[in-house]
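Naming: A, B, ... by sequence-line order, numbering from 1 per chain. Bear in mind that the values here come from a model prediction, so they are computed numbers and not experimental data.
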Amino acid sequence: MSSEQTRDHVHEGYDVTYVQEKWLPVWDKIEPFKSGRPDDARPKKYVLDMFPYPSGDLHMGHAEAYALGDVIARYWVQRGFNVMHPMGWDAFGLPAENAAIKRKIDPAPWTYENIAVQKASMRRFACSFDWDRTFNTCDPEFYRWNQWIFLQLFERGLAYRKDSKVNWCPSCQTVLANEQVVAGLCERCDTPVTKKKLNQWYFKITEYADRLLADMSQLEGKWPDKVLTMQRNWIGRSTGANVTFKIEGRAEPVTIYTTRPDTLYGATFFVVAADSDLAAELAQGTGAEKDFVTYLEGIKAASDIDRLATDRPKTGLFLQRYAINPVNGEKLQIWASDYVLADYGTGAIMAVPAHDQRDLDFARAMALPVRVVVETGEEDPNISGIATAGNGTLINSGPLNGKEKEEAIAFINAQLEREGLGKAADNYRLRDWLISRQRYWGTPIPIIHCPSCGEVPVPQDQLPLILPPAQGIDLKPKGTSPLGALTDWVSVACPNCGEPAKRDTDTMDTFVDSSWYFLRFPSSTDHSQAFNRKDIDTWLPVDQYVGGVTHAILHLLYSRFLTKVLFDMGAVGFSEPFTRLLNQGMVVMDGSAMSKSRGNMVRLSDELERHGVDAIRLSMVFAGPPEDDVDWADVSPSGSVKFLNRAWRLSGDITSVVGVEYSMGDISLRKATHKAFNDAAFAIESLRFNVAIARIMELVNAARKAIDSGCGPADPAAREAVEAIAIMLSVVAPFTAEEMWERLGHQPSVALAGWPKVEPALLVADSVIAVVQINGKIKERLEVSPTISDAELEAAALAHEGIAGALAGATIVKIITRAPKIVNIVINNE
RNA sequence: GCCCUCGUAGCCCAAUGGCAGAGGCAGAGGACUUAAAAUCCUCCAAGUGUGGGUUCGACCCCCACCGAGGGCACCA
């Protein structure tokens, strides 16, 4: 079966294939979307789609994302803005490296070939990208600045190395940032993540935790609430106090963190994280030491997955040591347990079983005492087994007795601080960003390790530190960076003292690349600096960012962090990079994500071949609100084809000439046209593109009717309406719109036609229907002037015979009038 | 367990607290056709998950519950 026969656009419509081929070269020549020409006086807009990873050709998800981004970019061009809508590639990373290993090839050509394929597909998809600004993160001209940024952070103490137990993916053979561990699994390959003690590079994002939270007020209402909530959860600030406990037989006291300092008198034991250094030290030399070692081994064998089961029974070991409660001098048993985390707070807690469920579970498992110190009115936790965490009045708590929770917290915090035993403190769930990777295809870390000078930056004039070619390197993951095998490359003279030294062999997490790439587009051809401040001031921040919700935490949090660092450096003049954010949903099939194993893959190229580019773009945009998932089983690309043909057909019906005076045209069709312009614009600016399409469909229906059985094809209003359709359609179906525009007698490109000014007089309806209610129930409908006053409308309602009849014998309590819409008469029937 | 979002015709989805239906898909009928396709026209359907509350008036605001999806999760 030939593709000609399977296509559903061959009947009574335009030849989609021909039209697509016809306009691409024309647009290449006109370059309607070139931004930043020197004489351009239009106000600016920066519209950005998250750049893709170049693994294979574009898929349905890309099609949706770029269709949506294109509506926004093209709309603002029509509105007379100088729109920068750039595109590049997030080209470093594991997929390329894994593909290279599998095929025994170099990741570089594989990557560049895929980029070429995707770029060609984007052109055919009619994306309004400004190609003059494109770059790839694997270009040395780009990653050179990645290295520069790393060194900027290094100089400021924001990039540092430390020994730590890190997330390790045994399959990828590399470390992972916290953000890349999803439910205990590697986000890339779903392998259970293990822990490994390593010395690694970190970016100090925790130093910005408070500002990352506070600046969200700038994003409220402009970013999806969902994303803001996710970021808040991820940062996870909690408010409480640090309290110092003396340890018997130890010189140094131990500080614990608690969110409930008011319950200090309810502490009945003390717990340290079993895998912490403190636990090992405390166990040393006690009778429990042997058992502790055994217990610890058992814990280490358990993976993160096991730990995720929060309902598993509590385990622990009494270390035969005691802590002293600073407020009442009580001796508390010190236990080691894995329900306390070594890397949150201080890795040690006071246990208040009456008011913390985890502590209560532990106390009951180990037969430890439970003391209620907050009277909440609920059942005694000793009996119910349910800790009472709510508000209440303090009891059994010395000076706190009788106080409410908040008051008690303030009181005890002040007392602790006075006595030097503690003070109010916040804690965060957020950890520093681990950026080292033991893999090849990434930006080399520009540091030289010198035995005498320590960590020495690669001098600026030696940047970029080029990633050595892959030829001859064994890329197979083995737990250390493949670059380490390149002895010649690794061995260098220390830039400081000249003595033999070694290069750092790790590469950077590719999220470093994407956390600032949006700053590079305005001056991507300037190879003397990461970004040109003048261009940054012109274009940034990004006015509209479009991308998937999968990046709600990782990419967006890192970008916000790095922007703040650059702001503090004085390198940029803003602290939030993305003013507005749109998270499009996923394209799914039959309710679930497309995957080869499910066998529900829909190939973009097949869909484009069958229905044409415009129909696929239209289907994506019209399917529903952009943030909702699109179920391809629910959309009708052939319905889109039908509509586009219906619109196109109108352009051949118009018999008036270009430039005809619209004001002479049929008034009701003119009103429909201007209402469509007005409403579609509002819908697009509110990111409700599906509604905008519905408005265009209405106008198509109205124009069809007017031409066939109304004012006719020669009426100026008919031309105005069809031109309006072409202009509005150009933001979503550019081929169809361009073809219509030409058939209407215009020169290309319709993309630059401009969104006409709506005439306010044409937005006023001749008459409207006012509703008359009695006690909220609709009784009558009156046709009235849209400018009727409240008093007039009320009088008209009361004068209406149906209403007068219904009111007979009743007492009018109240009349609410909202001209010209509604009159509600409240009556009292006795 | 905690937090967030969403429940409107058979389906996808619209409705600044003011007529529940804008648009589409599917379906039915008709016109045109030798016929079909295409095209054009007409028609069809829910009372807004459930129960309360606020209000002159609730799809919309508040509370509880049910259902779906998502985020975080032994974070003291």
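Screening residues 678-702 of chain A for salt bridge (charged side-chain N to carboxylate O under 4.0 Å, His left out), with sequence neighbours left out, gives A:Arg79-A:Glu685, A:Lys675-A:Asp679, A:Arg695-A:Glu698. The list of side-chain hydrogen bond (donor to acceptor under 3.5 Å, both in side chains) pairs with a residue in residues 622-633 of chain A, not counting sequence neighbours, reads A:Glu607-A:Trp632. Residue pairs meeting the salt bridge (charged side-chain N to carboxylate O under 4.0 Å, His left out) criterion with at least one partner in residues 581-591 of chain A, sequence neighbours excluded, are absent.
The aromatic rings of A:Trp335 and A:Phe362 sit perpendicular to each other, their planes meeting at more than 60°, with 30° as the lower class boundary.
Distances from the side chain of A:Ile553 to the nucleotides B:A76, B:G71, B:C19 place B:G71 closest. The side chain of A:Val691 sits closest to B:A14 out of B:C74, B:A14, B:C72. With B:A76, B:C72, B:C3 as the choices, the nucleotide that has an atom nearest any side-chain atom of A:Leu341 turns out to be B:A76. Candidate nucleotides B:G70, B:C3, B:C19 were compared by shortest atom distance to the side chain of A:Ile778, and B:C19 ranks first. The nucleotide whose nearest atom lies closest to any side-chain atom of A:Tyr344 is, among B:A76, B:U42, B:C40, B:A76. Set against B:A76, B:C19, B:G71, the side chain of A:Thr259 has B:A76 as its closest nucleotide.
Rounded to whole Å, atom C1' of B:A31 lies 13 Å from atom CG of A:Asp708. Rounded to a whole Å, the CD1 atom of A:Ile349 is 9 Å from the C1' atom of B:C74. A:Trp223 places its CH2 atom 18 Å from the P atom of B:G71, with the value rounded to the nearest Å. When the P atom of B:A22 is taken as reference, atom CZ of A:Arg688 falls 16 Å away, rounded to whole Å. Taking atom CZ of A:Phe682 as the reference point, atom C1' of B:A15 lies 12 Å away to the nearest angstrom. With rounding to whole Å, A:Phe270 atom CZ is found 12 Å from B:A76 atom C1'. One atom, CD1 of A:Ile822, and another, C1' of B:G18, lie 4 Å apart when rounded to the nearest Å. Rounded to whole Å, atom C1' of B:G70 lies 10 Å from atom CE of A:Met586.
Taking atom P on both B:C74 and B:C11, the two are 39 Å apart, rounded to the nearest angstrom. Nucleotides B:C72 and B:A64 place their C1' atoms 25 Å apart, quoted to the nearest Å. Comparing B:U16 with B:G7, their C1' atoms sit 23 Å apart, to the nearest whole Å. Rounded to whole Å, the separation between the P atoms of B:A36 and B:C32 comes to 12 Å. If you take atom P in B:C63 and the same atom in B:C3, they sit 12 Å apart, rounded to whole Å. Nucleotides B:C65 and B:C2 have their P atoms positioned 10 Å apart, rounded to a whole Å. Rounded to whole Å, the separation between the C1' atoms of B:A68 and B:C61 comes to 23 Å. B:A26 and B:C43: their C1' atoms are spaced 14 Å apart (whole Å).
Between A:Arg649 and A:Asp653 no salt bridge is recorded (no basic side-chain N to carboxylate O distance below 4.0 Å).
Under the Watson-Crick or G-U wobble criterion, with both distances below 3.5 Å, B:C72 is paired with B:G1. Base pairing of B:G27: its partner is B:C43, meeting the Watson-Crick or G-U wobble criterion (both donor-acceptor distances under 3.5 Å). Base pairing analysis places B:G67 opposite B:C6; the two distances defining the Watson-Crick or G-U wobble pair are each below 3.5 Å. Under the Watson-Crick and G-U wobble criteria, each requiring two contacts below 3.5 Å, nucleotide B:C60 is left unpaired. In this structure, B:C32 makes no Watson-Crick or G-U wobble pair, since no nucleotide meets both defining distances under 3.5 angstrom.
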Using a 4.0 Å cut-off on protein heavy atoms (strictly under), produce a 5'-to-3' string for nucleotides 51-67 of chain B with B for base contact, S for backbone-only sugar-phosphate contact, and - for none. -----BS----------
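Heavy atoms of A:Pro625 sit under 4.0 angstrom from primed sugar atoms or phosphate atoms, though from no base atom. Within 4.0 Å (heavy atoms only), A:Arg431 reaches at least one base atom of the nucleic acid. Note on A:Lys821: a base of the nucleic acid sits closer than 4.0 angstrom, heavy atoms only. Looking at heavy-atom distances under 4.0 Å, A:Lys779 makes no contact with the nucleic acid at all.
Residues that satisfy the side chain to side chain contact (heavy atoms under 4.5 Å, CB included) test with A:Met697, not counting sequence neighbours, are A:Phe622, A:Phe643, A:Ile693. Partners of A:Tyr257 by side chain to side chain donor-acceptor pair (under 3.5 Å), not counting sequence neighbours, listed by chain and number: A:Ser238. Residues satisfying the side chain to side chain contact (heavy atoms under 4.5 Å, CB included) criterion with A:Thr268, sequence neighbours excluded, are A:Pro353, A:Pro369, A:Arg371. Partners of A:Arg260 according to the salt bridge (Lys or Arg N to Asp or Glu O under 4.0 Å) rule, which considers only residues two or more places apart in sequence or in another chain, are A:Asp262.
In this structure, B:G47 shows a glycosidic angle within 90 degrees of zero, which is the syn conformation.
Between A:Arg649 and B:C40 there is a side-chain polar atom (N or O) within less than 4.0 angstrom of OP1 or OP2. Of the side-chain N and O atoms in A:Tyr339, none sit less than 4.0 angstrom from OP1 or OP2 of B:A76.
How far CE of A:Met740 is from CG of A:Leu729: 6.5 Å, rounded to the nearest 0.5 Å. In this structure, A:His800 NE2 and A:Glu780 CD are separated by 4.0 Å, a value rounded to the nearest 0.5 Å.
Under the 3.5 Å distance criterion, the side-chain polar atoms of A:Thr376 are matched with a main-chain donor or acceptor of A:Glu378.
Between the side chain of A:Lys314 and the base of B:C74, at least one donor-acceptor pair of N or O atoms lies under 3.5 Å.
Between A:Val768 and A:Asp359, it is A:Val768 whose nearest contact on RNA chain B lies nearer the 5' terminus. In terms of position along RNA chain B, the nucleotide closest to A:Trp234 lies nearer the 5' end than the nucleotide closest to the other residue of the pair A:Thr258 and A:Trp234.
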Within the sub-3.5 Å range, which N or O atoms of nucleotides 23-29 of chain B have a protein N or O partner, and how far apart are they?
from	atom 1	to	atom 2	distance (Å)
B:G24	OP1	A:Asn701	ND2	3.4

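Between the side chains of A:Arg646 and A:Asn701, a donor-acceptor pair is found at a separation under 3.5 Å.
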